[in-house]
Amino acid sequence: MSNRIIIKPGREKSLLRRHPWIFSGAIAKIVGKPTLGETVDVYSDKGEWLAVAAYSPSSQIRARVWSFTRGRHINADFFIDRIQTAHRLREREVCPYTNAYRVVAGESDGLPGVTIDRYDDVLVVQLLSAGAATWEEAIYDALAELFPDCAVYERSDVDVRSKEGLAKATGPRRGRSDIAPIVIDEYGVKLAVDVRSGHKTGYYLDQRDARKKVQQYAKGKTVLNCFSYTGGFGLYAALAGAHRVINVDVSEDALEMARFNESLNPIREGVIEYLKADVFEQLRRFVDEGETFDVIVLDPPKFVDSKQSLNRACRGYKDINRLAASLLNPGGILMTFSCSGLLSSELFQKVVADGCLDAKVDLKIIDRTQQAPDHPVGIHYPEGWYLKGLVLKR
Ligand code: SAH
C-alpha cells in the first residue's frame, strides 16, 4: 500500500476547493514512512481519496498537491505534460511581445514549488519545495526535450529552501554551461540579464506590462524611477521620449547594468541619469531641494515577508508614497507598486491614501496594474496574486 496522509475531519475543505497546500495542522495521521519529497496519496478521515501530493516532513506546508485526478501517475510524462500545458498559455499571451517570460509559475501552473523563466535561449529553474527538488532530473529532462535549443540553469539560491529541508543549489544543468549575460527583447526594449547573479532568476518579468505603461505618460516629461534595478522603467520612458529620466537604486551593480542597458537602445545621450542612493533618503533630499517631477515610479522590493513585518512594511510604503506625492507636479503621474503577497490590494490602496493625506495632496486612481499574464494566478490559489500597482494622477 502506498504512503498516505489522512486529513483531520473537516480539514479537507480546502482540498475539495483545490487549494494545493496541506498544512501540518490539518493532518490526522501519516501511514507509512514517506521521505523528503516522496509522492503520497491524500485521504479524508472517511477514507475518501482527495489528491496525490509531495511530502515535506520539515515544512509547515507538509504536502503540496501534484494532482486532484485519481490515477494520475507522477512520473517523467507528468512533468512534460504540465510544462507543455503551461507553455501553451504563454505562446498566445506573451511570446509575440517578448523572448523573456515565465514558462511555469509554480502552484498556479499545477507544479508547486517550480518556477521556470525563459531568457531567450536560457531556461532558469528555481525549485522551492521538497517535491520539486525530488523531481529535478525529470524537470530538466522535460525541458531539454521540449526546448532542445535552450540551456537549462538552476537558480535555487533562496532562503525558503531551508524551510523545506533543502540546501541552496545553482549551476548549469542541461545544454551549454557558459551562460554570459543574455540580451532580451521586451516590447522592443533591449535589456541584458545576468541569470547567474541577477535578482531572483535575473529580472523582474512580472512588471513587464507596467513598464510598458509608463510610456503612455513619459513623452516630454521628467521621470523619477525609484528602485530602478537594471533600469527597466527608465529605458521604456526614455524610448517613449522622456525629457529627463533619473534612475535611483542602492545597488552599484544594478546601476552598472542599467548603464549598459542604455547603450543597447537608441537613447539620446544625457537623457538618463543614475543616482546611487537610498530611495527613502533621496526622496527627502529632493523635497528639501524643491525638486519636482512629472512622473514618479515606485517599485520597491518586497517589504513584507511575514505577518509580523506587515506594520513596519506599511510604514515604509506610506513613507515613500507620501514623499513621492509631494514631489509630483500638478497633472503628474505616480506609478506605485507592492510585490508583497501578504499586503492586500485594499490595504495597499489605504496606505497610499494615508501617504497622500500626510502630503496634503489629492491624487486620483486612473488605472491599476498587476503581474503580467505569464504570471497567472490559479483561481484556487489566491496566494499566486502578489503584485499590485496603482497609477495615480495629481
Ligand atoms: N523596477 C525594477 C525592479 C525593482 S527591484 C524593474 O522593473 O526591473 C528592487 C530594487 O530596489 C533592487 O534593484 C534593489 O537594489 C533596490 N533597493 C532596495 N532597497 C532600496 C533602497 N532603500 N533604496 C534604493 N534602492 C533600493
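Quantities reported herein were computed from a predicted structural model and do not represent experimental measurements. Indexing begins at 1, ligand by ligand and atom by atom, following the structure's order.
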**Request:** Check whether any N or O atom of Ser251, backbone or side chain, sits under 3.5 Å from an N or O atom of ligand 1, and answer yes or no.
**Result:** no
**Asked** Of all the heavy atoms in Phe337, does at least one lie under 4.0 Å from an atom in ligand 1?
**Response** no
**Message:** Using 30° and 60° as the class boundaries, would you call the ring planes of Phe286 and Phe293 parallel, tilted or perpendicular?
**Reply:** perpendicular
**Residue and atom name of the nearest protein heavy atom (relative to atom 21 (C) of ligand 1), distance in Å to one decimal** = Phe227 CE2, 3.7 Å
**Complete:** For Tyr229, the atoms of ligand 1 under 4.0 Å from one of its heavy atoms are 2 (C), 3 (C), 4 (C), 8 (O), 13 (O)
**Message:** Given Leu255, Ile320, Leu275, Asp299, identify the one with the heavy atom nearest to atom 3 (C) of ligand 1.
**Reply:** Asp299
**Asked** Hey, is the main chain of Leu347 close enough, under 3.5 Å, to the side chain of Ser344 for a donor-acceptor pair?
**Response** yes
**Message:** My understanding is that only one of His199, Arg211, Gln371 makes a side chain to side chain donor-acceptor pair (under 3.5 Å) with Tyr204; could you say which?
**Reply:** His199
**Message:** My understanding is that we take every heavy atom of each candidate and find the minimum distance to atom 6 (C) of ligand 1. Doing that for Gln207, Lys200, Arg211, which one comes out nearest?
**Reply:** Arg211
**Asked** Just which atoms of ligand 1 are under 4.0 Å from any heavy atom in Tyr203?
**Response** 8 (O)
**Message:** Return the closest protein heavy atom for atom 22 (N) of ligand 1 as residue, atom name and distance.
**Reply:** Asp278 OD2, 3.1 Å
**Request:** Measure up the Phe79 and Trp135 rings against each other and bin them: parallel (under 30°), tilted (30 to 60°), perpendicular (over 60°).
**Result:** tilted
**Complete:** Out of Thr230, Leu235, Val250, Leu191, the nearest non-hydrogen contact to atom 17 (N) of ligand 1 is supplied by Val250
**Asked** Based purely on interatomic distance, does Ser228 place a nitrogen or oxygen under 3.5 Å from a nitrogen or oxygen of ligand 1?
**Response** no
**Request:** Only heavy atoms count here, so choose which of Cys226, Gly234, Pro301 is nearest to atom 19 (N) of ligand 1.
**Result:** Pro301
**Fill in**
Note: ligand 1 atoms sitting under 4.0 Å from heavy atoms of Ala277 are 23 (N), 24 (C)
**Item:** Cation-pi, Tyr187 ring and Lys212 (6.0 angstrom, 45 degrees)
**Value:** yes
**Fill in**
re atom 15 (O) of ligand 1, the protein heavy-atom contact at minimum distance is Asp249 OD1, 2.7 Å
**Request:** Check Gln282 against ligand 1 and report side chain, backbone, both or neither, counting heavy atoms closer than 4.0 Å.
**Result:** neither
**Request:** Kindly state each residue pair satisfying side-chain hydrogen bond (donor to acceptor under 3.5 Å, both in side chains) with at least one member in residues 229-241, sequence neighbours excluded.
**Result:** Glu186-Tyr236
**Message:** Looking at every heavy atom in both Pro373 and Leu89, which two are closest together, and how far apart are they?
**Reply:** O-CD2, 4.2 Å
**Prompt:** Taking atom types as modelled, is there a side-chain donor on Glu164 or Ser129 under 3.5 Å from an acceptor on the other?
**Reply:** no
**Prompt:** To which protein heavy atom is atom 23 (N) of ligand 1 closest, and what is the distance rounded to 0.1 Å?
**Reply:** Val279 N, 2.9 Å
**Prompt:** In terms of atom number and element, which parts of ligand 1 are under 4.0 angstrom from non-hydrogen atoms of Phe233?
**Reply:** 1 (N), 7 (O)
**Message:** For a side-chain contact (heavy atoms from CB on, under 4.5 Å) check, start with the C-alpha distance between Val103 and Tyr101, then their side-chain angles and the critical distance, and finish with the verdict.
**Reply:** CA-CA 6 Å; Val103 179; Tyr101 52 94; 3.8 Å; yes
**Request:** Give a yes-or-no answer on whether the side chains of Asp194 and Ser197 include a donor-acceptor pair shorter than 3.5 Å.
**Result:** yes
